[in-house]
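Working notes, structure below.
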2 protein chains.
Amino acid sequence: MSATTIPHRRAAALLALSFISCIVAAHAADAKPALAAKPTLSDVIKASAPSDWRPLDPSRTLYMELPAGRVVIELAPAFAPQTVANIETLVREHYFDGLAVIRSQDNFVAQWGDADEAHPKSLGTAKEKVAAEFTVPMSAAQHFVRQRDSDGYAPQIGHADGMPAGRDPKTRTTWLAHCYGMVGVGRDNDSDSGNGSGLYAVTGHGPRQLDRNITLVGRVVSGMDLLSTLPRGTGPLGFYEKPEQYTPIKTLRLAADVPEAERSQLEVMRTDSATYTAAVEAQRNRGGPWTKVAAGYIDLCNAPIPVRQIGK
Amino acid sequence: MSATTIPHRRAAALLALSFISCIVAAHAADAKPALAAKPTLSDVIKASAPSDWRPLDPSRTLYMELPAGRVVIELAPAFAPQTVANIETLVREHYFDGLAVIRSQDNFVAQWGDADEAHPKSLGTAKEKVAAEFTVPMSAAQHFVRQRDSDGYAPQIGHADGMPAGRDPKTRTTWLAHCYGMVGVGRDNDSDSGNGSGLYAVTGHGPRQLDRNITLVGRVVSGMDLLSTLPRGTGPLGFYEKPEQYTPIKTLRLAADVPEAERSQLEVMRTDSATYTAAVEAQRNRGGPWTKVAAGYIDLCNAPIPVRQIGK
């Protein structure tokens, strides 16, 4: 039983996690032919080699400290070099410290930045306008590994550097995909009106219609629940209506600027490893005994990107 | 600007909602050809006729009363007649009252039922085992309207009676699809081991691999945020580890058994109406000025199913 089944009760879940082989044996006499047991995602992770994982690079990792804990965001400079550079400027100049999560729309996004529209906080030396980075040349995504499943939003899909992505061989462009946990840059109608001072994370079913319409800059790799469980805002688009409903941002720092002893020790499975391909396959075609029909398909946003504590 | 864009700031969102025509005019001089303005989902809803909506049927609507408010679930007896009947028996005999939400797994499900595995609550006159209703004959979904988008999980997709569904013309079967807010029945390894005493709602990216593997019985039409914002459980599969972390269920009632004055007054857009087709199209191919690239596609789980207060 993988972490994505629905056991009737908790005891069954624990039993299945502990004694899956016994359950397989117990059901061998079932009348209906069962799916053969197959390695689960958990099995693939257990069998992985240390070289299948990479630690987060402190120079491209953000820590957003909320009252309830730390949200860790891996940046994707290959897909948004100018925007990521602008965000790094904002972060290094402590732009976000003291600002807040100001929006939480159910099944869509949580958004943070400056709520004070009458007297906006200075952007310091960061740029007010950054050119749209909705797509980049395919050559920018050097470690793109294609996922073989069809997709309605992109001619091709896959992963590059731990991020879900789409690409189009005709236009020779590639782009990050709006899956759960992806982080992007709010903008107004002009394509260059986003500068990274207003950011959001996807907290619902992947709003893939936003792909190629907005600059995505990274992915939440830890602490996602701190954003996804925020009370929903009751104003238009899920903005909070009262300042006391905001969740304050204590600090937002580049990991490289945080003392080493205080850094999160996380590693991400390399999405260009054979083990990652096996991980996706384990989710695409699940074996018995819980699963009765293997999907034979996996949506880009359902392909897991494993993250774990280093040394655990 | 629709409810599913990411404005840079709240003021821009409100501005766009109020004066969208002004913004269109202001951008007419942009160098890059913009997408023509098109009716948004909001426009389609505003232009709808009363006959495009149907009130919830009290005999197939559940109210789950949590401390923070009411979760309204529309049942889908056409897709799971036996299981829905068993749930109605459980509800009428007050089985769920005093039980709790015992699991919340990020980007997956919230689950409720009996946490006491040593001394499980009596099912009363409800059945212990109910045959799997993972699929039903296509003829059961009389109001199925096909959505023209391709889908990796089902040969055909569409909606029937306000529920997202897949179907297979070869096997002549149809089934409900695991989209955000859908409600299903936990089970153990045996297909008939679910009886409706343990239920879950999808709170993350649609886990469509569960389609045809588990009995879905309905959809949350109001109060979804009461489930989606619950703190995540820290035990295996997101089960809570301590009883004090549970969210108690005050009562779970059939709307028909609640005094009329206390009922939620909700109506759902008829998914077999031309207006609904227009609503989906508005989301599939969005117009300018915020949108720069229309997706030309919509995932089954991104097709909205509008619900509103009657008379508002």
Side-chain angles (χ1 to χ4, degrees), chain A residues 3-4 6-14 17 23 27 102 106-109 111 117 149-150 152-153 179-180 184 186-189 191 193-194 198 200 204-210 212-214 224-225 228-232 236-237 239 283 286 289-293 295 297-299 301-302, chain B residues 3-4 6-14 17 23 27 102 106-109 111 117 149-150 152-153 179-180 184 186-189 191 193-194 198 200 204-210 212-214 224-225 228-232 236-237 239 283 286 289-293 295 297-299 301-302:
Chain A
T4 51
I6 315 275
H8 181 60
R9 291 211 180 90
R10 178 172 42 183
L14 300 177
L17 286 167
I23 292 176
H27 285 261
I102 57 176
D106 198 55
N107 191 23
F108 193 41
V109 298
Q111 185 168 343
E117 289 147 7
D149 304 280
S150 64
Y153 291 102
C179 294
Y180 190 86
R187 67 164 172 85
D188 299 327
N189 286 334
S191 293
S193 58
Y200 64 90
H205 190 84
R208 297 280 310 280
Q209 75 282 353
L210 296 176
R212 289 185 277 183
N213 277 298
I214 200 160
M224 188 58 207
D225 59 314
S228 63
T229 63
L230 290 176
R232 306 319 189 201
L237 311 190
F239 280 94
Q283 299 291 86
R286 298 172 197 228
W290 194 89
T291 300
K292 308 301 176 185
V293 179
Y297 176 81
I298 186 165
D299 180 284
C301 293
N302 276 326
Chain B
T4 52
I6 316 274
H8 182 61
R9 292 213 179 89
R10 179 173 42 184
L14 299 176
L17 286 167
I23 292 177
H27 287 261
I102 57 176
D106 197 55
N107 191 23
F108 194 41
V109 298
Q111 186 169 342
E117 289 147 7
D149 304 280
S150 63
Y153 290 102
C179 294
Y180 190 87
R187 67 164 172 85
D188 299 327
N189 286 333
S191 294
S193 57
Y200 64 90
H205 190 84
R208 298 279 309 282
Q209 74 281 352
L210 296 176
R212 290 186 276 183
N213 276 298
I214 200 159
M224 187 60 207
D225 60 315
S228 63
T229 62
L230 290 175
R232 306 319 188 201
L237 310 191
F239 280 95
Q283 298 292 84
R286 298 172 199 227
W290 193 90
T291 300
K292 308 301 177 186
V293 178
Y297 176 82
I298 187 165
D299 181 283
C301 293
N302 277 327

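This is a predicted model, so every value here is computed, not measured. Below, read A as the first sequence line, B as the second, and so on, with proteins coming before strands; counting in each chain starts at 1.
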- Task: Any chance you could lay out the side-chain hydrogen bond (donor to acceptor under 3.5 Å, both in side chains) test for Y153(B) and D299(A), step after step, and finish with the verdict?
- Result: CA-CA 8 Å; Y153(B) 290 102; D299(A) 180 284; 5.4 Å; no

At a heavy-atom separation under 4.5 Å, does [X] approach chain A through its side chain, its backbone, both, or neither?
X	value
S193(B)	backbone
V293(B)	both
Y200(B)	side chain
L230(B)	backbone

- Query: Which residue out of S228(A), G198(A), G204(A) racks up the most heavy-atom pairs below 4.5 Å with chain B?
  - Reply: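 The option with the most such pairs is S228(A).
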
- Task: Considering only heavy atoms and a distance below 4.5 Å, find which of I214(A), D225(A), N302(A) pairs most often with chain B.
- Result: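 Heavy-atom pair counts peak at N302(A).
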
- Message: So which atom in G206(A) and which in H205(B) form the shortest heavy-atom distance, rounded to 0.1 Å?
- Response: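 For G206(A) and H205(B), the tightest heavy-atom pair comes out as N-ND1, 2.9 Å.
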
- Task: Take M224(B) and D106(A), measure what side chain to side chain contact (heavy atoms under 4.5 Å, CB included) needs, and give me the verdict at the end.
- Result: CA-CA 8 Å; M224(B) 187 60 207; D106(A) 198 55; 3.8 Å; yes

Could you check whether any side-chain N or O of [X] sits under 3.5 Å from a backbone N or O of [Y], counting only pairs where one atom can act as donor and the other as acceptor?
X	Y	answer
W290(B)	R187(A)	yes
K292(B)	N189(A)	yes
Q111(B)	P7(A)	yes

